[in-house]
Each structure stands twice: as structure tokens, then as C-alpha cells.
Visitor: 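The structure's right below; bear with me while I get my questions together.
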Amino acid sequence: MPETERSRTARAHLARVDAVLVQALIAAALSFAHIHDIAMAAGQDGWKAWAYPISVDLLLVAAWRRLRTGTAKAAAWCWFVIALTASLGANVATAGLLDMTDVPAWLRILVAGWPAVAFLGGTLLAHSAPKETTAAIGTEVVEDQEDEPEATPDPPVQPTTESTPPTPSVPVPVALVDHARKVAAEHHTRTGAPIDTPTLRARLGVPPPMAEAIAAQL
């Protein structure tokens, strides 16, 4: 691609990004102001009225980050909808549908209880551990295998007519042997027959010598 065309593409991309950022800043500022006004009308004056829109925005960000990770999406959607409802509710209420000089008691209760709800949602989203998956187990096995020091190969032994050269031993991590036992048990339960070395090697993804060493320990 010529340099001039790349430059035009980069400028067009920056223009689109700048427009999105400006729109996001405008929407965030308006929503921030509306939530602040609702908090003030509900009796939360001073610094407390400024803290309410911050807590709503932080809960939205925490829920969005959890949605991007791909884990616990149901909980992330739940808290995202709760925070979005709080933001949209404040926007709609300040559009003339609510008498700001005479706020109903139920809205005062919701505003007063919001900090506890936001703290609970933010804690669950930020500190809940994702479920352990089979891929994670496989990753741990590979990491254990990589942490094992590489074995120094024995010097070659000249074959003679009187003796056979010994087979070099292959170190096998304990975690890999345990994982292989689980794979063998699952294969036996599914097929009714013991697992053979080629199948075990294919399931574990290890070299043939290591597969034979693992099969000898099963």
C-alpha cells in the first residue's frame, strides 16, 4: 500500500475514534450530572451527591470488563443491567417526569441503598474467580512439564555382541502422570478397554519416549 494511502486511512480511523470519544464524553457528562441531581434531590448533598454517579459508572465498567473476559457472563449482564437502569432512570427522571422538590419516599430509599448494592456488585465482578476448565488443567500440566529441568542425554554406548545398550530413562512430572491416569480412566470407562500407548500419546501431546514412560507407570 502506498504511503499516502496509509496516511489517509490512518487519518480516517483517527477521525472516527475522535468522534466516538467526543460522543462518549458528552453522554458520560450528561448522565453524571443527572445522577448527581437525583442524589441531591433525595437528600444526599455535598460530596455524597458527587460520589453516586462515580459508583454507577464504576459498576458499569466492572460489568463490561467481565463481559469482555468471556467468563461468568450471566452475572456480568445482571450487574450491567442494574447499573444501566440506575443511569437511565436518572436521565428519564430529570427530564420533567419527577418533581425534584418533592421526591417520593421509595426513591429516597433506593438512593440511600445504592452504595451497598454497588459495593456488592463491584466486589463480585472484580474478585470472583473463573471456573476451572479442562483447558486450564492442560495449561498447568504443560507449565509443570516446562518447569522440569531438561535431562542430560546419556553418552552413546557402542553396541556389542555381548550386551544391549540400556534404554535412557525419561523423567516424567508427577502432575503429568496424574493427568494421564485420569485420561486412561476416562478412556476405559468410555470404551471398556485399557488405553494404548499411541492413543495416550495423542491425548497428552507428548513425545513417544515420554508416552512409553508414562504408560509404564499406569
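Any value given below was found using the heavy atoms of this structure, including those in side chains, with hydrogens, waters and symmetry copies removed.
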Visitor: Would a hydrophobic clustering, with Ile, Leu, Val, Met, Phe, Trp and Tyr connected at side-chain separations under 4.5 Å, put Leu88 with Trp77?
Guide: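 Linked within one cluster.
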
Visitor: Hey, is the main chain of Leu125 close enough, under 3.5 Å, to the side chain of Arg66 for a donor-acceptor pair?
Guide: yes

Visitor: Not counting sequence neighbours, which residues clear side-chain hydrogen bond (donor to acceptor under 3.5 Å, both in side chains) with Thr101? List them please.
Guide: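 Counting only residues at least two positions away or on another chain, Thr101 forms a side-chain hydrogen bond (donor to acceptor under 3.5 Å, both in side chains) with Asp99.
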
Visitor: Does one hydrophobic cluster hold both Val111 and Trp47, with members joined at side-chain heavy-atom distances below 4.5 Å?
Guide: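 Each belongs to a different hydrophobic cluster.
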
Visitor: Can you name the nearest heavy-atom pair linking Ala76 to Ala63, along with the distance?
Guide: O-CB, 3.6 Å

Visitor: Just by distance, do the side chain of Tyr52 and the backbone of Ile35 share a donor-acceptor pair under 3.5 Å?
Guide: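 No: the side chain of Tyr52 does not pair with the backbone of Ile35.
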
Visitor: Which pairs, with at least one residue in residues 199-218 and sequence neighbours excluded, count as a ring pair (Phe, Tyr, Trp, His ring centres under 6.0 Å)?
Guide: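 Counting only pairs at least two positions apart or across chains, no ring pair (Phe, Tyr, Trp, His ring centres under 6.0 Å) contact touches residues 199-218.
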
Visitor: Please collect all side-chain hydrogen bond (donor to acceptor under 3.5 Å, both in side chains) contacts where either partner lies in residues 80-96, sequence neighbours excluded, each pair once.
Guide: Ser31-Ser87, His34-Asn91

Visitor: Measure across Ala83 and Trp114 and return the closest heavy-atom pair with its distance rounded to 0.1 Å.
Guide: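 Taking Ala83 first and Trp114 second, the nearest heavy atoms are CA-CH2, 4.2 Å.
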
Visitor: Which residues pass the side-chain hydrogen bond (donor to acceptor under 3.5 Å, both in side chains) test with Glu212, sequence neighbours left out?
Guide: none

Visitor: Any non-hydrogen side-chain atom of Ile38 less than 4.5 Å from a side-chain atom of Met100?
Guide: yes

Visitor: Say whether Val103 and Ile109 are linked into one hydrophobic cluster, either directly or through other cluster members, by side-chain heavy-atom distances under 4.5 angstrom.
Guide: no

Visitor: For the CD atom of Gln44 and the NE2 atom of His36, what is their distance to the nearest 0.5 Å?
Guide: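 Between Gln44 CD and His36 NE2, I get 11.0 Å after rounding to 0.5 Å.
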
Visitor: One pair to check against side chain to side chain contact (heavy atoms under 4.5 Å, CB included): Trp79 and Val117. What are the steps and the verdict?
Guide: CA-CA 10 Å; Trp79 289 108; Val117 175; 3.8 Å; yes

Visitor: With sequence neighbours excluded, tell me which residues meet side-chain hydrogen bond (donor to acceptor under 3.5 Å, both in side chains) with Arg181.
Guide: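 By the side-chain hydrogen bond (donor to acceptor under 3.5 Å, both in side chains) rule, Arg181 matches Asp178.
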
Visitor: Linking I/L/V/M/F/W/Y whenever any side-chain heavy atoms sit under 4.5 Å apart, do Trp106 and Ile82 land together?
Guide: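 Looking at the clustering, Ile82 is in the same group as Trp106.
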
Visitor: Is the shortest distance from a Lys or Arg side-chain nitrogen in Arg190 or Glu186 to a carboxylate oxygen in the other one below 4.0 Å?
Guide: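 Salt bridge: yes.
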
Visitor: Could you walk me through whether Val56 and Phe32 pass the side chain to side chain contact (heavy atoms under 4.5 Å, CB included) check?
Guide: CA-CA 9 Å; Val56 174; Phe32 193 95; over 6 Å; no

Visitor: Give, for atom CG of Leu98 and atom CG of Asp102, the distance between the pair rounded to the nearest 0.5 Å.
Guide: 8.5 Å

Visitor: As an exercise, state the distance from CG of Leu59 to CD1 of Ile54, rounded to the nearest 0.5 Å.
Guide: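 The CG atom of Leu59 sits 14.0 Å away from the CD1 atom of Ile54.
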
Visitor: Once ring-ring contact (aromatic ring centres under 6.0 Å, His included) is applied, do any residues pair with Trp64, and if so which ones, sequence neighbours excluded?
Guide: none

Visitor: Are Leu67 and Val81 connected in a single hydrophobic cluster, I mean Ile/Leu/Val/Met/Phe/Trp/Tyr linked by side-chain heavy atoms less than 4.5 Å apart?
Guide: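 No, because Val81 and Leu67 fall into different hydrophobic clusters, even though each may have its own neighbours under 4.5 Å.
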
